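Here is the structure we will look at.
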Amino acid sequence: MKVTLSVIKADTGSVGGHNRPSDAMLAKAKEQLAGVISSGLLIDGKVTFTGDDIALLMAHTKGVDHPDIHKFAWDTFLETTKVAKSQGLYGAGQDLLKDAFSGNIRGMGPGSAEIEFEERPSEPFIVFAGDKCGPGVFNYPIFEAFANPYHNAGLLLAPEMIAGFTFTIMDVNNTEADRVISLKVPQDYYDLCILLRDPNHFVIEMVVENATGLQAAVASTSRLHNIAGKYVGKDDPVAIVRSQKQFPSTGEILSPWALAHLTLGDNRGSHHVAVMPVKQNSIISFFDGPTIMSAAGYCVHEGKLTESVDLFDQPFWDLIRTKAAQKTLDIRAQGFYGPAMAGMDELEYTGVIQNLKRLNEKFTVRKHE
Ligand code: F6R
Ligand code: MG
Ligand code: MG
């Protein structure tokens, strides 16, 4: 059967700062989800959290961008916001940037990644959910899994994968409209590298397998980054990646995260830190970070979801977590200097820019006699 997986995620308030949603908020989201499973809007669903964001994973047959699904997610986040307000939580409704729902949740604050496909006899997939980062965090690991045979020799071994994949990349700095480009590997390999090297500007939105035409991965890439010409902060992205058989294996998709690559996010969305792969339902702590990424593996069958396997909850990743913490401490030791912090166009707070304007007026140009 044809199934749609929708993951919609938002920060609607947190306990103790920007750290995690409350149990009451999670209970409300679960109650809402149970309601639409019994009404038949969804076949199945799950509620998880990563840092201060609640993620709704929804399995249904309505297709992507369906107004009823998006409205359900929006209404659920309004409900969790109400709970957050009633408990006096911090940042209640933080990611709900518009007053009224207008048919599609994209561009309204929450992140959404959706994929529709004909179920394979066994349909394994991974839901990645990040906090304190932008969607560019996926550029490196998705490129490694779907384009780099040095990292993933499976690309050379599986007959369907040898013809490569097509990447859709979005220019997230273009505020007027979705500006996208499609590049195929192996043909456009270097062109793809030219774009992906700038993960705050050019971001992977989708990956399709060339031999089969099947969608393999989608990410919650959006122009939220610069909504209405104003920088509104990092999007705290999600991605859905199908695995096994004609796609990279679950392990091949996970292994690039062992680099604990540096990304932009963390405290005030304005620092470069190493991404820490974490267990489900992990919180935010050191320096309002570090940037975290969780990975939940599922199978879906006739729209029913299995329990999840917590893919970063394995002793191997303890070493990577230590490495990520060490890399973050190393760059944090550099304070505000140079590459430790974001460039001017990525700073989430306006303090530096305002102070520069003030200082600018005090500069004098020295005249040589
Ligand atoms: C980053 C984040 C936090 C806040 C920081 C200041 O995404 O959520 O690092 O930017 O805690 O928050 P405010 O300005 O709300 O006090
Ligand atoms: Mg927050
Ligand atoms: Mg968040």
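A quick note: this is a predicted structure, and the numbers were derived from the prediction, not measured. Whatever order the structure lists ligands and atoms in, that order sets their numbers, starting from 1.
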Check for a donor-acceptor pair, side chain of E205 on one end and backbone N or O of V218 on the other, with a separation under 3.5 Å. no

Distance-only N or O hit between ligand 1 and D52, under 3.5 Å: no

Could you tell me whether some N/O pair between D288 and ligand 1 is separated by less than 3.5 angstrom? yes

Which atoms of ligand 1 are found less than 4.0 Å from any heavy atom of Y349? 4 (C), 5 (C), 6 (C), 10 (O), 12 (O), 13 (P), 14 (O)

Compute the minimum heavy-atom distance from D266 to ligand 1 and say whether it is under 4.0 Å. yes

Would you mind finding which of H271, K132, H18 brings a heavy atom closest to atom 7 (O) of ligand 1? K132

Closer than 2.8 Å to the Mg ion (ligand 3), what protein N/O/S atoms do you find? D52 OD1, D53 OD1, D53 OD2, D131 OD1, D236 OD2

Would you list the atom pairs, donor with acceptor, under 3.5 Å between side chains in residues 286-301 and any protein atom, with sequence neighbours excluded?
{"from": "T291", "atom 1": "OG1", "to": "K132", "atom 2": "O", "distance (Å)": "2.6"}
{"from": "T291", "atom 1": "OG1", "to": "D266", "atom 2": "N", "distance (Å)": "3.4"}
{"from": "S294", "atom 1": "OG", "to": "T50", "atom 2": "OG1", "distance (Å)": "3.1"}
{"from": "S294", "atom 1": "OG", "to": "A129", "atom 2": "O", "distance (Å)": "3.3"}

Is there side-chain contact between [X] and [Y], with at least one heavy-atom pair below 4.5 Å?
{"X": "I194", "Y": "F202", "value": "no"}
{"X": "T168", "Y": "I181", "value": "no"}
{"X": "F77", "Y": "L96", "value": "yes"}

Salt bridge (charged side-chain N to carboxylate O under 4.0 Å, His left out) with E116: which residues, sequence neighbours excluded? none

If the plane angle is over 60° it's perpendicular, under 30° parallel, otherwise tilted; pick one for W74 and F101. tilted

In short, side chain to side chain donor-acceptor pair (under 3.5 Å) pairs touching residues 2-15 with sequence neighbours left out are S6-H60, S6-E114, K9-D53, D11-Q94, T12-T80

